[in-house]
Amino acid sequence: MTEHETDRHTTDTTDSMDEPEEDEREEQKEAGDDDEQTVRPSDIDIHESIGNDTLDDLDVELENGGGSSTESTGVDLDEVVLEETKDDSKGLFDDLLSGEPIFENKEVLRPSYTPHELPHRTDQINQMATILVSALRGETPSNILIYGKTGTGKTASAKFVSQELESTSQKYDVPCEVEYINCEVTDTQYRVLAQLANKFIEKNHALIDDRLDSLRDLRSTAADDSERLSDTRFDTVDDVDERIADLETDREEMETVPMTGWPTDRVYSTFFEAVDYNERVVVIMLDEIDKLVEKSGDDTLYNLSRMNSELDNSRISIMGISNDLKFTDFLDPRVKSSLGEEEIVFPPYDANQLRDILQHRADIAFKGDALTDDVIPLCAAFAAQEHGDARRALDLLRTAGELAERSQADTVEEAHVRQAQDKIELDRVVEVVRTLPTQSKIVLFSIILLEKNGVHNINTGEVFNIYKRLCEEIDADILTQRRVTDLISELDMLGIVNAVVVSKGRYGRTKEISLSVPIDETEAVLLSDSRLGNIEDAQPFVQARFDN
């Protein structure tokens with residue numbers, strides 16, 4: 001192509017770009033219409049995701065038939081729509097988290113929490129402190145037995161005093177320690193001694209490790225400068241080496257006690273050696289001490305209370321906590337005389353005292369204005385009916401708050417407290433029934449079958465007849481009628497049934513029995529037991545009662 005032809009070709013091309021042919025303009029117009037129809041629905045989808053200014057820019061760009069949406073606005077339409085779709089799909093917990101929480105610190109309302117202040121227990125706390133203060137002088141404190149019904153502040157007060165005792169001992173550099181054991185869980189002599197032994201072995205290991213670190217530092221510096229030993233009890237580096245070897249041997253010989261397998265006397269001697277390894281005063285707090293005595297006798301208390309006469313470096317004091325005011329009646333006289341040196345009784349709280357306790361905890365546990373004025377008085381009134389049980393009152397307030405939070409209410413109201421009362425009562429029944437022995441469960445199931453079949457004023461004989469047939473059905477041992485009567489009395493004590501002795505004149509006396517718990521829920525708990533699951537279809541046997 002010649003230079004002239006090239007220039008002409010360039011000119012034609014430029015003209016054609018500036019002034020497109022009529023057909024090309026029509027095609028572009030149609031293409032622009034198609035693009036507009038394609039993008040407009042997305043325009044609606046993303047309206048809330050991108051601003052109106054951005055949409056105006058898109059409209060201008062689309063009308064001009066220009067570039068992609070990404071180039072003109074920096075926004076990928078597909079990504080925006082996908083992002084909007086992802087935001088709309090809420091997870092399982094999103095709705096639950098959308099509400100404002102009512103609680104500031106829920107843990108304050110749990111029984112495990114030890115408050116910094118215990119209202120209406122100042123006298124008992126001061127009494128404990130005056131007994132235990134001798135531990136800070138390096139002397140052996142008297143043993144303490146603490147009595148009181150459930151929820152009267154026994155454990156909380158004892159833990160509070162123990163924390164104060166340990167913090168004060170550190171302040172004055174006096175070796176004083178408190179070890180807590182829940183005897184409802186650790187309920188045999190072996191377990192108690194093993195747990196105590198392992199705790200002191202762990203403390204001894206830490207003590208030995210600290211001493212070894214110090215001695216090794218001294219050894220490394222004394223090797224270069226023997227004058228470093230002048231202020232110590234060591235004369236030569238060899239003395240330091242010998243002491244390090246002794247400590248390493250001591251550490252290796254301290255073998256932790258397994259939870260089973262050792263003879264009890266070996267466990268006892270291991271504990272004895274561990275506690276006496278270092279100079280200290282030890283207070284052993286045995287919560288629910290009556291459970292320990294009930295299951296494994298008073299050997300543990302006897303051994304612990306007599307240890308001080310054999311210890312060289314340490315001193316031991318026992319602090320027992322019990323709900324049973326008469327548990328010492330079953331102790332050996334020798335144990336009783338050496339154990340019960342000081343007794344402290346915790347009386348039940350009244351409604352006004354419970355109100356103070358709840359208000360004190362609620363100020364920390366809930367956000368401001370989260371409770372209506374009638375919530376705390378109602379919780380206190382309900383708990384005061386249950387023998388002044390502060391634990392029950394705290395559970396009630398916490399459960400009411402949880403129910404309000406689940407319903408996304410702004411405040412806890414009286415209705416939530418009443419719902420919580422019903423829920424806790426049902427939970428208590430379920431737990432008590434679930435832990436009953438198998439024979440008691442069969443007796444209770446017999447009473448349920450009779451009530452479900454319209455039998456009123458049930459007597460012991462009727463229960464025994466159904467009980468025998470149920471035992472035959474699941475191949476269980478059949479107890480005597482007298483023993484079944486005793487089991488009914490135990491169910492009565494637990495509040496599961498109501499058994500009233502009535503006189504039948506010349507026909508003697510009998511017990512009239514009725515259920516005190518919801519039938520359907522109780523039956524469901526009983527049938528969840530693998531042994532009783534087979535008697536679900538045994539209701540036709542109730543007809544035998546009428547046949548007889």
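One-based numbering along the sequence shown.
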- request: State whether E521 and K423 are salt-bridged, where the test is any N-O pair (Lys NZ or Arg NE/NH1/NH2 against Asp/Glu carboxylate O) under 4.0 Å.
  value: no
query: If we ignore angles and hydrogens, is there a donor and acceptor under 3.5 Å between the side chains of D374 and T372?
result: yes
query: Any side-chain heavy-atom pair from Q124 and P347 closer than 4.5 angstrom?
result: yes
query: Is a salt bridge present between D389 and K149, judged by a nitrogen-to-oxygen distance below 4.0 Å?
result: no
query: Going by atom types alone, do D287 and Y180 pair a side-chain donor with an acceptor below 3.5 Å?
result: yes
task: Begin from the C-alpha positions of M128 and E342 and carry the test side chain to side chain contact (heavy atoms under 4.5 Å, CB included) through to its verdict.
output: CA-CA 9 Å; M128 275 188 272; E342 300 277 356; over 6 Å; no
- request: For residues P101 and E405, report the shortest heavy-atom separation together with the two atoms involved.
  value: CA-OE2, 3.3 Å
Side chains of V517 and V433 in contact at under 4.5 Å (non-hydrogen atoms): no
- request: Identify whether the distance between the nearest side-chain nitrogen and carboxylate oxygen of E107 and R110 falls below 4.0 Å.
  value: yes
- request: Verify the neighbour count for atom CG of D246: are there more than 12 heavy atoms of other residues, nucleotides or ligands below 6.0 Å?
  value: yes
- prompt: Do NZ/NE/NH1/NH2 and the carboxylate oxygens of D209 and R251 come within less than 4.0 Å?
  reply: yes
- prompt: Side chain of D239, backbone of T236: donor and acceptor closer than 3.5 Å?
  reply: yes
message: Donor-acceptor pair, distance only, cut-off 3.5 Å: does the side chain of K441 make one with the backbone of R434?
response: yes
query: Ignoring hydrogens and geometry, is there a side-chain-to-backbone donor-acceptor pair from E288 to E184 under 3.5 Å?
result: no
task: Answer yes or no: is there a side-chain heavy-atom contact under 4.5 Å between L301 and L286?
output: yes
query: So, does R219 use its side chain to make a donor-acceptor pair with the main chain of V240 at under 3.5 Å?
result: no
task: Examine the side chains of T186 and Q195 and answer whether a donor and an acceptor come within less than 3.5 Å of each other.
output: yes
- prompt: Have D363 and Q359 got a donor and an acceptor in their side chains that come within less than 3.5 Å?
  reply: yes
query: When rounded to the nearest 0.5 angstrom, what is the spacing between CD in E273 and CG in L311?
result: 11.5 Å
message: Looking at Y349 and G151, would you say the former's side chain and the latter's main chain have a donor-acceptor pair under 3.5 Å?
response: no
field: Residues Y277 and D250: side-chain donor-acceptor under 3.5 angstrom
entry: yes
message: Within the structure provided, determine whether L215 and D241 are in side-chain contact (heavy-atom separation under 4.5 Å).
response: no
query: Within a strict 4.5 Å, meaning less than it, do heavy atoms of the T221 and D217 side chains meet?
result: no
D422, CG atom: more than 12 neighbouring heavy atoms under 6.0 Å: yes
message: I'd like to know whether CG of D477 has more than 12 heavy-atom contacts from other residues, nucleotides or ligands below 6.0 angstrom.
response: no
task: Examine distances only and state if a side-chain atom of S407 and a backbone atom of L403 form a donor-acceptor pair shorter than 3.5 Å.
output: yes
field: Donor-acceptor contact present, side-chain N204 to main-chain A274, <3.5 Å
entry: yes
For the student: nearest non-hydrogen atoms of D276 and S314, plus distance: OD1-N, 3.0 Å
field: Test: K367 cationic atom under 6.0 Å from F103 six-membered ring centre, within 45° of axis
entry: no
message: I'd like to know if the side chain of Q385 pairs up with that of R392 as donor and acceptor (distance under 3.5 Å, no hydrogens or angles considered).
response: no
field: Within 6.0 Å of CG in D373, more than 12 heavy atoms from elsewhere
entry: no
R243 CZ to L247 CG distance, which is reported to the nearest 0.5 Å: 4.0 Å
field: Sidechain N-carboxylate O distance under 4.0 Å for K291, E294
entry: no
field: Evaluation steps, side chain to side chain contact (heavy atoms under 4.5 Å, CB included), between E104 and I364
entry: CA-CA 7 Å; E104 189 75 46; I364 309 172; over 6 Å; no
query: A404 and I102: which non-hydrogen atoms are nearest, and at how many Å?
result: CB-CD1, 3.7 Å
- prompt: How about E248: does its CD atom have over 12 heavy atoms from other parts shown lying under 6.0 Å from it?
  reply: yes
- request: Indicate the ring-plane relationship of Y268 and F272, choosing parallel, tilted or perpendicular according to the 30° and 60° boundaries.
  value: tilted
Any L371 side-chain heavy atom under 4.5 Å of T411 side chain: no
message: Between the side chains of R191 and D187, is the shortest nitrogen-to-carboxylate-oxygen separation below 4.0 Å, so that they form an ion pair?
response: yes
field: Note, E255 side chain near T270 side chain (heavy atom, < 4.5 Å)
entry: no
- request: Would you check, one step at a time, whether the test side chain to side chain contact (heavy atoms under 4.5 Å, CB included) holds for T264 with Q189?
  value: CA-CA 8 Å; T264 305; Q189 179 177 209; 3.8 Å; yes
message: If we count only N and O atoms by modelled type, under 3.5 Å, do the side chains of N278 and K203 hold a donor and an acceptor together?
response: no
message: Is there a side chain to side chain contact (heavy atoms under 4.5 Å, CB included) between R418 and L378? Walk through the geometry before answering.
response: CA-CA 9 Å; R418 297 192 181 277; L378 186 58; 4.0 Å; yes
- request: Verify, without hydrogens or angle tests, whether N198 (side chain) and V257 (backbone) share a donor-acceptor contact under 3.5 angstrom.
  value: yes
- prompt: Does NZ or CZ of R398 fall inside the cone over F366's six-membered ring, less than 6.0 Å from its centre and within 45° of the axis?
  reply: no
query: Okay, side chain of R121, backbone of T152: is any donor-acceptor separation there less than 3.5 Å?
result: yes
Heavy-atom side-chain proximity of F200 to V282 below 4.5 angstrom: yes
Polar side-chain atom of K154 near backbone of G148 as donor-acceptor pair, under 3.5 Å: yes
